[in-house]
Trainee: 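Dropping a structure here in structure tokens format, bear with me for questions.
Bear in mind that the values here come from a model prediction, so they are computed numbers and not experimental data.
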There are 2 protein chains.
Amino acid sequence: MARAGLTTERVARAGADLADEIGLERVTLSEVARRFEVKVPSLYSHVRSSDDLRAQIALIALQEMADLAASAVAGRSGQQALVALGHVYRDYGRDFPGRYDATQVRLDAETAAASAGPRHASMLRAVLRAYDLSEDEQTHAARLLGSVFHGFVSLERSGGFAHSTPAPQQSWEHILDSLDAMLRSWSARHD
Amino acid sequence: MARAGLTTERVARAGADLADEIGLERVTLSEVARRFEVKVPSLYSHVRSSDDLRAQIALIALQEMADLAASAVAGRSGQQALVALGHVYRDYGRDFPGRYDATQVRLDAETAAASAGPRHASMLRAVLRAYDLSEDEQTHAARLLGSVFHGFVSLERSGGFAHSTPAPQQSWEHILDSLDAMLRSWSARHD
DNA sequence: ACCCCAAAACTAAGACCTATAGGTAATTGC
DNA sequence: GCAATTACCTATAGGTCTTAGTTTTGGGGT
């Protein structure tokens, strides 16, 4: 009965890796236990439930994405920051599909507030600071950017862009370019 | 053992209703069987598996949304069509959350091709016809619109816009308005 | 009316997954 | 080196999915 050295952290990380390998919906406590060569009930000292495991995976993913996003926008502004941020989300969705899916699980209000979610919101606002928008317009713009980033990654992953040309990569670059142009003209249009 | 009158159609519809009531992830064959006052194995004459049930729900949702979208864009063009289409997706996501979630399940290529998915793509293209775009630009634009529509609905549903003002409704209108303006200027910018 | 038979629904059973309760062994701190 | 904590275990119960094989039902042909 040599100890496996489980912690909430390690269990959640194993769950996240598993999600990327086999898909989030197939992540089970049983499979995680198998990975650690441990019996299922042992996991309950570290996660409260199967749903809790998924929430922990979501927290990991949100934090990892926020860290990458922070690096990407550091030292950049305007279009450069916008493009860099966009690439972070798309790349993360491609490289860590299970983790990315986890970011869509519903967290209770308290957990969500303590997550890296607010960091994402503030990063969007940081990027938008270059565009001279009013308070409300900045909110609208942040919601638009969030929608485009998430929507594109989600649709690309679910195969919505398959079987059509040109390659999604081209659309992505074009879209980021267009968003920049749109934001530039926003304050002008809505004065 | 009075017959319950099950069909693939009725089972799938019950699953869809259930998804809206209790959430897609909690839709189980057991629960559907309970609704029909039938034993679980009886369902296997009508759906191949639990995953198949979810796929059937997705097909229903895609078709219902496509029908609503077709009605919305009929007799409209340009900005009016764009706004109407946007409202269809957002309203559907609000009114039928379980069905909407089902539209994100991965369908195998064959099923996807036979689904209403392509109708959605062609409807986006129909709306874009008013904007005088090249073939490739139309594709980019369709992907952008799809991303914004899906992304906004998805984020709003997962609580991403909660706890902040102004109301998402205002952002939505502003965003649709801005997309129209963007598309108008697209062909000019990319000549 | 009756019979027949196709298909609608059932029972039985095995494999997994989640979760709780309560026990044993190993590490930590004194 | 001992006590106490805690990491991990066994046992168990209940739920879901799926397949195999069986019974029942109701409509169509004679």
Side-chain angles (χ1 to χ4, degrees), chain A residues 1-60 98-99 101-102 104-108 111, chain B residues 1-60 98-99 101-102 104-108 111:
Chain A
M1 204 189 288
R3 296 202 174 180
L6 302 182
T7 65
T8 300
E9 186 70 19
R10 298 209 331 133
V11 169
R13 198 169 303 281
D17 292 345
L18 202 51
D20 290 330
E21 291 171 33
I22 66 176
L24 183 65
E25 70 286 348
R26 264 176 282 194
V27 172
T28 66
L29 292 176
S30 297
E31 189 58 40
V32 172
R34 235 168 265 135
R35 295 261 163 146
F36 282 110
E37 294 181 325
V38 140
K39 302 298 176 183
V40 178
S42 305
L43 299 176
Y44 280 84
S45 305
H46 308 286
V47 294
R48 279 194 303 275
S49 66
S50 183
D51 278 355
D52 184 40
L53 172 61
R54 262 176 272 279
Q56 298 292 338
I57 296 172
L59 293 179
I60 287 176
R99 280 167 155 88
D101 281 347
Q104 293 176 64
V105 315
R106 284 189 177 279
L107 303 174
D108 59 89
T111 308
Chain B
M1 206 189 286
R3 297 201 174 181
L6 303 182
T7 65
T8 299
E9 186 71 19
R10 298 212 325 136
V11 169
R13 198 168 302 282
D17 293 344
L18 202 51
D20 290 331
E21 291 170 32
I22 66 176
L24 182 65
E25 70 287 348
R26 264 176 282 194
V27 172
T28 67
L29 292 176
S30 299
E31 190 58 40
V32 172
R34 237 168 263 136
R35 293 260 163 146
F36 282 109
E37 294 183 324
V38 138
K39 302 298 178 182
V40 178
S42 305
L43 299 176
Y44 279 82
S45 306
H46 308 287
V47 294
R48 281 195 302 275
S49 66
S50 183
D51 278 355
D52 184 40
L53 171 60
R54 261 175 273 277
Q56 297 291 337
I57 297 173
L59 293 179
I60 287 176
R99 281 167 154 87
D101 281 347
Q104 292 177 65
V105 313
R106 286 189 176 279
L107 303 173
D108 59 88
T111 308

Trainee: Over all heavy atoms of both residues, which pair between A:Leu53 and A:Leu29 is shortest? Give the atoms and the distance, please.
Mentor: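 For A:Leu53 and A:Leu29, the tightest heavy-atom pair comes out as CD2-CD2, 3.9 Å.
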Trainee: Let me know the distance between CG of B:Leu6 and P of C:dA8, rounded to the nearest Å.
Mentor: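 Whole-Å distance recorded here is 9 Å.
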Trainee: In residues 7-29 of chain A, which residues come under 4.0 Å of DNA chain D by heavy atom?
Mentor: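 Those residues: none at all.
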Trainee: Looking only at heavy atoms, what is the nearest atom pair of B:Val38 and B:Ala4, with distance?
Mentor: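 Here B:Val38 and B:Ala4 meet closest at CG2-CB, 3.6 Å.
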Trainee: Measure from CZ on A:Phe36 to C1' on D:dC9 and round the result to the nearest Å.
Mentor: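 Rounded to whole Å, this separation is 17 Å.
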Trainee: Taking atom C1' of C:dC17 as reference, at what distance in whole Å does atom CZ of A:Arg34 sit?
Mentor: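 Roughly 9 Å, once rounded to whole Å.
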Trainee: Closer than 4.0 angstrom, basic N to acidic O: yes or no for B:Arg54 and A:Glu25?
Mentor: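 Salt bridge: no.
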Trainee: Which residues, if any, of residues 41-50 of chain A bring a heavy atom under 4.0 Å of DNA chain D?
Mentor: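 Nucleic-acid contacts, sorted: A:Pro41, A:Ser42, A:His46.
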Trainee: Do A:Arg34 and A:Ser30 have side-chain atoms, one donor and one acceptor, less than 3.5 Å apart?
Mentor: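 Not at all, the side chains of A:Arg34 and A:Ser30 share no donor-acceptor pair under 3.5 Å.
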Trainee: Rounded to the Å, how far apart are A:Glu31 CD and C:dT18 C1'?
Mentor: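 Distance check: A:Glu31 CD to C:dT18 C1' gives 15 Å.
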Trainee: Which heavy atom of B:Ser49 sits nearest to which heavy atom of B:Tyr44, and what is that distance?
Mentor: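 Closest approach of B:Ser49 to B:Tyr44, heavy atoms only: CA-CE2, 4.2 Å.
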Trainee: According to the salt bridge (Lys or Arg N to Asp or Glu O under 4.0 Å) rule, which pairs have a member within residues 36-49 of chain B, sequence neighbours left out?
Mentor: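 Residue pairs with at least one partner in residues 36-49 of chain B: B:Arg48-B:Asp52.
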Trainee: Locate the shortest heavy-atom distance separating B:Ala58 from B:Leu107; write the atom from each residue and the value.
Mentor: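 Looks like CB-CD2, 4.3 Å.
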Trainee: Using a heavy-atom cut-off of under 4.0 Å over every strand shown, decide if B:Val40 touches base, sugar-phosphate, or nothing.
Mentor: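 Base contact - B:Val40 has a heavy atom under 4.0 Å of at least one base atom.
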Trainee: Report the nucleotide, chosen from C:dC17, D:dC8, D:dC9, that has the shortest atom-to-atom distance to any side-chain atom of A:Lys39.
Mentor: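 Among the listed nucleotides, the one closest to the side chain of A:Lys39 is D:dC9.
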Trainee: Give me the atom names and distance for the closest heavy-atom approach of A:Ile22 to A:Glu31.
Mentor: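 Scanning both residues, the minimum pair turns out to be CD1-CG, 4.4 Å.
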Trainee: Rounded to the Å, how far apart are B:Leu53 CG and D:dT16 C1'?
Mentor: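 After rounding, the gap between these two atoms is 13 Å.
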